[in-house]
Protein chains: 2
Amino acid sequence: MDSIDKGIVSCLVANARASYADIGKSVNLSTPAVKRRVDRLLRTGVLRGFTAVVDPEALGWATEALVDIFCRNNVAPERIREHLEPFAEIAAAYTVTGAANVVVHLRARDIGKLETVLERLRGLDMVERTTSTVILSTLLDRRAGVGPR
Amino acid sequence: MDSIDKGIVSCLVANARASYADIGKSVNLSTPAVKRRVDRLLRTGVLRGFTAVVDPEALGWATEALVDIFCRNNVAPERIREHLEPFAEIAAAYTVTGAANVVVHLRARDIGKLETVLERLRGLDMVERTTSTVILSTLLDRRAGVGPR
DNA sequence: CGTGAAAGCATGATTTT
DNA sequence: AAAATCATGCTTTCACG
């Protein structure tokens, strides 16, 4: 993981469909050299894969919320994950410090669907209660990117 | 935006580097037809682009937090966005309902860097106070995906 | 939308540093 | 060990039916 790898990762984050030839021009490497490094980055897990960035609204996925989940007992994170996994509406889920145990990022077709999902969440044995915060607008979204500096 | 487009989007979300020929096999379309549809999906904004999914830890980007920001005055969302944009550590930012005005998803190299960013955030004129929740683990992360059903 | 052709790209084997 | 070159087979891309 040297500075050339970082350059390659940056190129692929910016455009996952860039050709190895184009990436090579950016980092001053031949096409096969870029491919070998990308293959290695995939093998070692630095690169987890390549994906399309979809506009959720364009797919009718307009309503989002951040839900704090307070668990009844001390449930193990892996057990929590197993319970949340079936919820297709969960865009992300985190265990956190603070009063709540888990924060879940929900994405649903509309407020009605959001409510349905919340009811299903509250129906889980491990869930004591939830508090929801509806997202009004997305100001920034760089989650697919690499982060600062 | 018909069912074929949805199939194409699913393929690209699963693997943004899939060839048009392979996608075509999935959706029963010729290679150029797939390309035409992808070009159109990009032009109309349904597809915003293609990106690499990077393991943040592998890049030393290990510490994350969700920060509630309480603004001093009624600041317009676009103005808030302008203030937050320079923070490279912001992975995502949302305006929300509830007590706080904005929720920011921060990603930093370590707790020390996280603190520095929080201090800079609190230094903004518009920010009255913040409350932070440190992320202990990521249970699920489907942010790049398309969502339920 | 499909077909076919031309240009460009991916990728493995081989050679070079 | 890692990169460049080269040769092969696919991919992309576009004009046309």
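Smallest separation of non-hydrogen atoms from A:Asp141 and A:Thr138: CB-CG2, 3.9 Å.
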Step by step, work out the side-chain contact (heavy atoms from CB on, under 4.5 Å) result for B:Asn15 and A:Phe50. CA-CA 5 Å; B:Asn15 175 19; A:Phe50 307 101; 4.3 Å; yes
Decide yes or no on side-chain contact (heavy atoms from CB on, under 4.5 Å) for B:Ile8 and B:Leu47, but give the supporting numbers first. CA-CA 10 Å; B:Ile8 292 174; B:Leu47 288 175; 5.6 Å; no
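Between the P atom of D:dA3 and the CG atom of A:Asp5 lies a distance of 9 Å, rounded to the nearest Å. Taking atom CZ of A:Arg36 as the reference point, atom P of D:dA1 lies 12 Å away to the nearest angstrom. Rounded to a whole Å, the CG atom of A:Leu29 is 6 Å from the P atom of D:dA3. We find that CG of B:Leu42 is positioned 14 Å from P of D:dT12, with the value rounded to whole Å.
With rounding to the nearest 0.5 Å, the separation of OG1 in A:Thr95 from CD1 in A:Ile69 is 11.5 Å. Here the OG1-NE2 distance, from A:Thr133 to A:His105, works out to 11.5 Å after rounding to the nearest 0.5 Å.
Cation-pi geometry between B:Arg142 and A:Phe87 is not satisfied (NZ or CZ under 6.0 Å from the ring centre, within 45° of the ring normal).
Under a 3.5 Å cut-off, the side chain of B:Arg72 and the backbone N or O of B:Val127 do form a donor-acceptor pair. Side-chain atoms of A:Arg17 do not come within 3.5 Å of backbone N or O of B:Gly49 as any donor-acceptor pair.
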How does protein contact run along nucleotides 10-17 of chain C, one letter per nucleotide 5' to 3', with B for base contact, S for sugar-phosphate only, - for none, heavy atoms under 4.0 Å? SBB-----
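Among the protein residues, A:Arg40 comes within range of no part of the nucleic acid, since none of its heavy atoms lies under 4.0 Å from any strand.
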Which dot-bracket string fits DNA chain C when only Watson-Crick or G-U wobble pairs with both atom distances under 3.5 Å count, crossing pairs get [ ], and | stands for a partner on a different strand? .||||||||||||||||
